[in-house]
Protein chains: 2
Amino acid sequence: MAASLDTVFSALADPTRRAILAMLLEDDMAVTDVAEPFEMSLAAISKHLAVLSNAGLISQERRGRVKWCKLEPDALREASVWMQGFGMMDGLDLDAFERFLDAELADPSLLEEKE
Amino acid sequence: MAASLDTVFSALADPTRRAILAMLLEDDMAVTDVAEPFEMSLAAISKHLAVLSNAGLISQERRGRVKWCKLEPDALREASVWMQGFGMMDGLDLDAFERFLDAELADPSLLEEKE
DNA sequence: CGCATATTCAACCAACTGGTTGACATTCCT
DNA sequence: AGGAATGTCAACCAGTTGGTTGAATATGCG
């Protein structure tokens with residue numbers, strides 16, 4: 001898991017993958033369960049998970065038939081630090097973070113995210 | 001500039017574009033001067049700048065012959081907040097989040113000096 | 001005016017992405 | 001053993017990306 005800034009940012013640049021990460025924030029999940037809310041094939045989700053895993057953003061552990069997916073938030077650290085360098089967090093943006101948390105926890109199905 | 005998470009993260013997922021942003025951290029620059037350190041055509045840099053502009057990460061203002069590029073760090077805000085949501089969800093510890101941010105900001109590696 | 005400078009546009013290309021489908025390998029359950 | 005469930009693999013496809021080159025468009029200068 002080299003997890004360069006390239007791979008991390010590009011993994012994050014897809015709404016399906018960000019939704020998957022948000023789901024894994026709640027709990028570890030099996031691949032099939034991850035795929036369930038999405039209207040695409042299991043193979044497509046499997047590829048998305050491979051991208052996330054390659055970026056180090058999740059880990060996968062096979063147990064019997066089932067492959068469990070676990071969020072690895074540490075992989076966001078380097079990217080986060082890079083972004084902090086631009087100075088926009090000077091005011092400690094706790095308000096925005098709190099709003100984010102409320103929205104995230106109240107509505108875990110932010111799957112309907114659209115542009 | 002709509003600047004969705006998609007466009008912001010995908011704009012950041014390229015080392016040339018991240019390098020351009022870092023350069024603009026120092027000062028506003030003309031397109032030709034942005035292109036100078038890179039070993040690729042001016043047209044390629046022009047495209048990269050269009051991507052950054054479309055993501056809202058820079059603004060461009062034409063003055064005479066010269067188009068000036070200016071960093072717009074606010075565009076990173078939404079993405080940064082999104083990322084902050086990971087890693088400190090256990091117990092929703094806002095104090096921990098604050099300490100985390102302090103630590104990030106104190107990290108010398110991101111203070112190459114600004115402005 | 002005529003030329004250099006600054007930047008974009010258009011066409012093209014190879015490589016990558018995100019999706020599909022069908023076949024395949026494992027593992028669990030009777 | 002047989003069958004369903006869990007995932008991945010391979011081939012394929014359309015669309016996007018990141019780069020090139022050469023022409024085009026302004027703009028400034030003498």
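Numbered from 1 within each chain, the chains take letters A, B, ... in sequence-line order.
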Student check: side-chain heavy atoms of A:Met83 and A:Ser80 closer than 4.5 Å: no
Touch class at under 4.0 angstrom, heavy-atom based, for B:Thr32 against every strand present: sugar-phosphate
Enumerate the protein-to-nucleotides 26-30 of chain C contacts in which both atoms are nitrogen or oxygen and the separation is below 3.5 Å.
residue	atom	partner	partner atom	Å
C:dT27	O3'	A:Arg65	N	3.4

Whole angstrom value for the distance that separates P of C:dT17 from CG of B:Asp14: 12 Å
Nearest-Å distance for atom pair CG/C1', residues A:Asp6 and C:dT17: 15 Å
Nearest heavy atoms of B:Leu52 and B:Ala11, plus distance in Å: CD2-CB, 4.3 Å
Nearest non-hydrogen partners of A:Ile58 and A:Glu72, listed with the distance: C-CG, 3.7 Å
5'-most by nearest nucleotide on DNA chain C - A:Ala43 or A:Ser10: A:Ser10
Atom-pair distance (CZ on A:Arg17; C1' on C:dG18), nearest Å: 8 Å
Touch class at under 4.0 angstrom, heavy-atom based, for A:Ala30 against every strand present: sugar-phosphate
Minimum-distance nucleotide to A:Thr16 side chain [options: C:dT21, C:dT8, C:dG19]: C:dG19
Separation of C:dC24 C1' from A:Leu42 CG (nearest whole Å): 14 Å
Smallest separation among heavy atoms of A:Val8 and A:Leu57, with atom names: O-CD1, 4.3 Å
Whole angstrom value for the distance that separates P of C:dT8 from CD of B:Glu61: 14 Å
B:Asp33 CG - C:dT5 P separation (whole Å): 14 Å
Gap between atoms CH2 and C1', on B:Trp68 and C:dT5 respectively (whole Å): 14 Å
First-last contacting nucleotides on DNA chain D - partner chain B, under 4.0 angstrom, heavy atom: D:dG18 to D:dG28
Atom pair distance, as rounded to whole Å: CE in A:Met40 and C1' in C:dG18: 8 Å
Heavy-atom check, side chain of B:Val66 versus side chain of B:Val31, under 4.5 Å: no
Short side-chain to backbone donor-acceptor contact, A:Arg17 and A:His48, under 3.5 Å: no
Side-chain touch A:Leu49/A:Gln60, heavy atoms, less than 4.5 angstrom: yes
Nearest heavy-atom neighbours spanning A:Leu5 and A:Trp82: CD1-CD1, 3.7 Å
Inter- and intrachain pairs under salt bridge (Lys or Arg N to Asp or Glu O under 4.0 Å), touching residues 52-69 of chain B, at least two apart: B:Glu61-B:Arg63
